[in-house]
2 protein chains.
Amino acid sequence: MPESPTLPDLDPISDRAVFRQIADHLREAIERGQLAEGDKVPSEARLMQHYGVARMTIRNALQVLQSEGLTVAEHGRGVFVRSHPPVRRLASDRFARRHREQGKAAFIAETEGAGGKPSVDSIEITEVKPSPDVAERLRLSPKDRVVRRSRRYLINGQPVETAISYIPAEIAKGTQIMQPDSGPGGIYARIEEKGYRLDRFVEDIKSRMPLRDELRALKLAPGVPVFHLVRTAYTTDGTPVEVCDTVMSSDAYVLSYELPAR
Amino acid sequence: MPESPTLPDLDPISDRAVFRQIADHLREAIERGQLAEGDKVPSEARLMQHYGVARMTIRNALQVLQSEGLTVAEHGRGVFVRSHPPVRRLASDRFARRHREQGKAAFIAETEGAGGKPSVDSIEITEVKPSPDVAERLRLSPKDRVVRRSRRYLINGQPVETAISYIPAEIAKGTQIMQPDSGPGGIYARIEEKGYRLDRFVEDIKSRMPLRDELRALKLAPGVPVFHLVRTAYTTDGTPVEVCDTVMSSDAYVLSYELPAR
DNA sequence: CTGTAGTACACGTATGTACGAGTTGAGGAG
DNA sequence: CTCCTCAACTCGTACATACGTGTACTACAG
């Protein structure tokens, strides 16, 4: 039987709400390591008994921790301290040509390098009219056409990222970009083969709570935000040739960028 | 009198939980713009009446929206659709020397450029032993000393970012870095004056839910994640000379980086 | 006209009860 | 020994009720 963490009693003088005091106790137990990753938090019934309060009060306290991303509730099993998945570091040279020339897409190369099993699913390729945002980034008019490549990336079967690329139809047409397997080096290699010389990428990064679809697609635990990253690829003459809209589980990633001081 | 949004009735056949259905209705009303930013969501009492359910059910539904960052509850006033603050874009050239030479710190220059009123408070300067993480990044031993400069940045009086810089004591000692006002061009200008030539910065970015202290310091609304950014400054010979640990309200920022394709 | 007390209304906190549904393990049937 | 049933335990959903506390408007007193 796993020994329960020793939780203090309530402070009857404090004007801090009871459920907050309880949340504090549990949070401290987690931070002190008294409740380690994967450990079971005492059940609602046990906590009710320990503190002598109603179930709603306990549930409010647990809700606080869950929204802080510290715990996950599993129906029928209990509440557990969240364990954090291995973190992938995205370095700012990950799209360097030297990587592309080795014949692997950035995601595959990186994941294998870190000892994980990469996979890609839900690949869908359609030709659509660009959204206003995409049209602006690609400097297209709303009546131009773009090819939309959407896919989901997984590591060891666990989804970590969804991505949607938009490429002007004029560029993508008749290339392997229209195929589910875009070939060695990925779509950037295909674009360069067509005579476009890639020069630089610009990535815009936001962070926010996931939408419902994203929660499902990435199998996110409650209380985990996502990175929303939009990358635009430019050629040497400054023409944008691709926009990639990516949503990543924030607890699976550290983004790393190098900035010149010049 | 503000017209209420027209909310559908419950689907008695659906096996979707009642509070989730209600949350869906409200979410859709917000997404359709029927409930615009700053609008008041119908009160708990009104929703109880409309749907004919208990208050707990309504509160659960509202809790869902709040945790998605879509609404904020204000005690005694009501529940409101969250309005998003003006967004600051952090470009990857923000520490370029040409900006520094104009005599302003990055934050001040940027904010004034965007028409906001920048301010800085809670400046504290102490000399401490580095944490293991900081020591590793600065390639110091744990018994070396570092100068710790912490401060909080505000725009129009609204806190948006907290930052803590760590500089090896050997470098900072006897310079204006030890003063609350670090002088024209900020601490990077002081470091260069001491003969160190800054070459590049590396920024590591994570996103997560705020800790309690951060929630207070940044006056964050519930359901808003933070960026946690750690920047390390390197000289031309590859020596790290500063680590800056920054926490930013994620809904006030878009981070933007340029990556070479070479 | 002004200030204030009162009041209606809003969300916050807490109690108690009931039943549903998923998980787990013990114990009995085969 | 194996399989299955069932009980016990867990969290999920929903009801009803009560009182606290902050807000804002109204009506009355001065």
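Numbered from 1 within each chain, the chains take letters A, B, ... in sequence-line order. Being a predicted model, the structure only gives us computed values, none of them experimental.
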- [ ] Using atom CE of B:M56 as one end and atom C1' of D:dG12 as the other, report the distance to the nearest whole Å.
- [x] 12 Å
Task: Partner residues of B:S150 under the side-chain contact (heavy atoms from CB on, under 4.5 Å) criterion, sequence neighbours left out - done: B:E124, B:R148, B:I164
Task: Atom-to-atom span, CG of B:L62 to C1' of D:dA14 - whole angstrom - done: 15 Å
Open item on the list: It should be established whether A:S43 places a side-chain nitrogen or oxygen under 4.0 Å from OP1 or OP2 of nucleotide D:dT10.
Closed with: yes
Review item, side-chain donor-acceptor pairs of residues 213-232 of chain B, under 3.5 Å, at least two apart:
from: B:D213; atom 1: OD1; to: B:R216; atom 2: NH2; distance (Å): 3.3
from: B:E214; atom 1: OE1; to: B:R208; atom 2: NH1; distance (Å): 2.9
from: B:E214; atom 1: OE1; to: B:L211; atom 2: N; distance (Å): 2.8
from: B:E214; atom 1: OE2; to: B:R208; atom 2: NH2; distance (Å): 3.0
from: B:H228; atom 1: ND1; to: B:R208; atom 2: NH2; distance (Å): 3.2
from: B:H228; atom 1: NE2; to: B:D245; atom 2: OD1; distance (Å): 3.0
from: B:H228; atom 1: NE2; to: B:D245; atom 2: OD2; distance (Å): 3.2
from: B:R231; atom 1: NE; to: B:Y188; atom 2: OH; distance (Å): 2.9
from: B:R231; atom 1: NH1; to: B:E203; atom 2: OE2; distance (Å): 3.1

Open item on the list: When you compare the side chain of A:I22 with that of A:L10, does any pair of heavy atoms fall below 4.5 Å?
Closed with: yes
TODO: Whole angstrom is fine here: how far is it from CZ in B:R55 over to P in D:dC15?
DONE: 14 Å
TODO: List the atom of A:H50, the atom of A:P8, and the distance in Å for their closest heavy-atom pair.
DONE: NE2-O, 3.4 Å
Task: Pairwise 5' ranking along DNA chain C for A:F19 and A:M48, keeping only the more 5' one - done: A:F19
Task: Residues which pass side-chain contact (heavy atoms from CB on, under 4.5 Å) with A:D24, listed by chain and number, not counting sequence neighbours - done: A:R16, A:R27, A:E28, B:R212
Task: First and last nucleotide of DNA chain C, 5' to 3', lying under 4.0 Å from heavy atoms of chain B - done: C:dA10 to C:dT13
- [ ] Round to a whole Å and report the spacing from OH of B:Y51 to C1' of D:dC15.
- [x] 18 Å
Task: By side-chain contact (heavy atoms from CB on, under 4.5 Å) - contacts of B:A135 (at least two apart) - done: B:P130
- [ ] Select from A:A54 and A:G76 the residue whose nearest nucleotide in DNA chain C is closer to the 5' end of that strand.
- [x] A:A54
Task: d(CG, B:L10; C1', D:dA14) in whole Å - done: 12 Å
Task: Position toward the 5' end of DNA chain D (nearest nucleotide), B:N60 or A:A45 - done: A:A45
TODO: Rounded to the nearest angstrom, tell me the gap between atom NE2 in A:H75 and atom P in D:dC9.
DONE: 16 Å
Open item on the list: Rounded to whole Å, please give me the gap between CG in A:D15 and P in D:dG22.
Closed with: 10 Å
Task: Short side-chain N/O contact from B:R20 to OP1 or OP2 of D:dT13, under 4.0 Å - done: yes
Open item on the list: Which is more 5' along DNA chain D, the nucleotide nearest B:V53 or the one nearest A:R59? Just name the residue.
Closed with: A:R59
TODO: For B:S182, check side-chain contact (heavy atoms from CB on, under 4.5 Å) against everything at least two apart and list the hits.
DONE: B:R149, B:I187
Task: Nearest-Å distance for atom pair CZ/C1', residues A:R46 and D:dC9 - done: 12 Å
